[in-house]
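To start, the structure itself, in structure tokens.
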Amino acid sequence: MRSGFQRLGRSRAANRLARKYGLRFGASRFVAGETIRQAIEAVRKLNATGRAATLDHLGEFVSSAEEADESAAMCLRTLDAIAEANADCNLSLKLTSLGLDLDRGLCLARLRSILDRARQYGNFVRIDMEDYSHCQATLELYRELRGTYDNVGVVIQAYLYRSERDVDKLRELKPNLRLVKGAYKESPLVAYPDKRDVDANYRKLIRMQLLSGDYAAIATHDESMVSYALNVLREHGLPRERMEFQMLYGIAEELQNRLVREGFKVRVYVPFGRDWFGYFARRLAERPANVRFVLRNLFQ
């Protein structure tokens, strides 16, 4: 079932239909809306409960320079909207949406314009990690940008064999890392097929990043991983300001609110836009409980 949803999420035909008919099947639980206005309203509500946010304009199927330009322009408008609303919110983006597969140089130029705008507002941009085929290019671009920008971070996926080595290599940059388990279907040649191995590597990466002194964004809904990170903090007397927990919009809200009450920073990843279907399919692939939610929606 997981593989089926992941294949469906990569289907251009399914994504075209989803764009035509709008948010369906309960997707509005996981996607804040199709417009910036709807996304900002969702962020306002999160901020009112003490949670920060990061906005991501969804768009994974860029096939032309014009579409990549449109995606970059939307990132700029999103940063403008965040500033206008005075929201506690960053920006997340995918390099393929800026044309990484089309022209690396133009992708980098678009990203620099976004980082310049974010720096103008005192804001921060997170480069999302995509599938394995884009991992090396993403880290190379991040390394290049860190020479100029201190308001950019990247994502490391614990299910990849290479991730511990990547964290070591990035250390000289004093990176701000979001640590995730990983949500793409990958070959066992490059990724741990067994969940226990992924979990063990995730714990290792959490400890590495926290003890490094660099900022750690620990992105998980797994309460055992949350507890592990808190234990590392206590064990080494580390300041909680060195880290934050990140979770997805519409998932584990009780855990989010509990951590806020306990004084920890929680940032919610808030996706929006018309190209919502690929993201939605990955959420269904991750957790059977999400599929049950959708089925209840269909029958109501």
With no hydrogens and no angle check, do the side chains of R178 and S92 hold a donor and an acceptor under 3.5 Å apart? yes
Please report the interatomic distance CD(E144) to CG(L139), rounded to the nearest 0.5 Å. 13.0 Å
Check this for me, if you would: do K94 and E130 make a salt bridge, where the nitrogen-to-carboxylate-oxygen distance has to be below 4.0 angstrom? no
Could you tell me whether the side chains of Y228 and R207 share a donor-acceptor contact shorter than 3.5 Å? yes
Going by atom types alone, do R171 and Q209 pair a side-chain donor with an acceptor below 3.5 Å? yes
Would you say the rings of Y161 and Y192 are close, in the sense that their centroids are separated by under 6.0 Å? yes
Whether the N90 and N123 side chains hold a donor-acceptor pair (N or O, under 3.5 Å, no angle test) is what I'd like checked. yes
Could you tell me whether the side chains of N47 and R44 share a donor-acceptor contact shorter than 3.5 Å? no
Checking the side chain of Y159 only, and the main-chain atoms of Y184 only, is there a donor and an acceptor separated by less than 3.5 Å? yes
Any side-chain donor-acceptor pair under 3.5 Å between Q38 and E34? no
If you measure only the distance, is there a donor-acceptor pair under 3.5 Å linking the side chains of S227 and E223? no
Between E186 and Y132, is there a donor-acceptor pair closer than 3.5 Å when you use the side chain of the first and the backbone of the second? yes
Between S71 (side chain) and S97 (backbone), is there a donor-acceptor pair under 3.5 Å? yes
Compute whether any side-chain donor of one residue and acceptor of the other, for Y121 and D80, lie under 3.5 angstrom apart. yes
Is there a side-chain contact between L230 and F245 (heavy atoms, below 4.5 Å)? yes
Can you give me the closest heavy-atom contact between L100 and A137, atom names plus distance? CD2-CB, 4.2 Å
Residue that, paired with R110, satisfies salt bridge (Lys or Arg N to Asp or Glu O under 4.0 Å) out of D69, D116, D103: D69
Under 3.5 Å donor-acceptor, R126 side chain and N176 backbone: yes
Side chains of T49 and R51: donor-acceptor distance under 3.5 Å anywhere? yes
Say whether, by atom type as modelled, one donor and one acceptor occur between the side chain of H221 and the main chain of L248 under 3.5 angstrom. yes
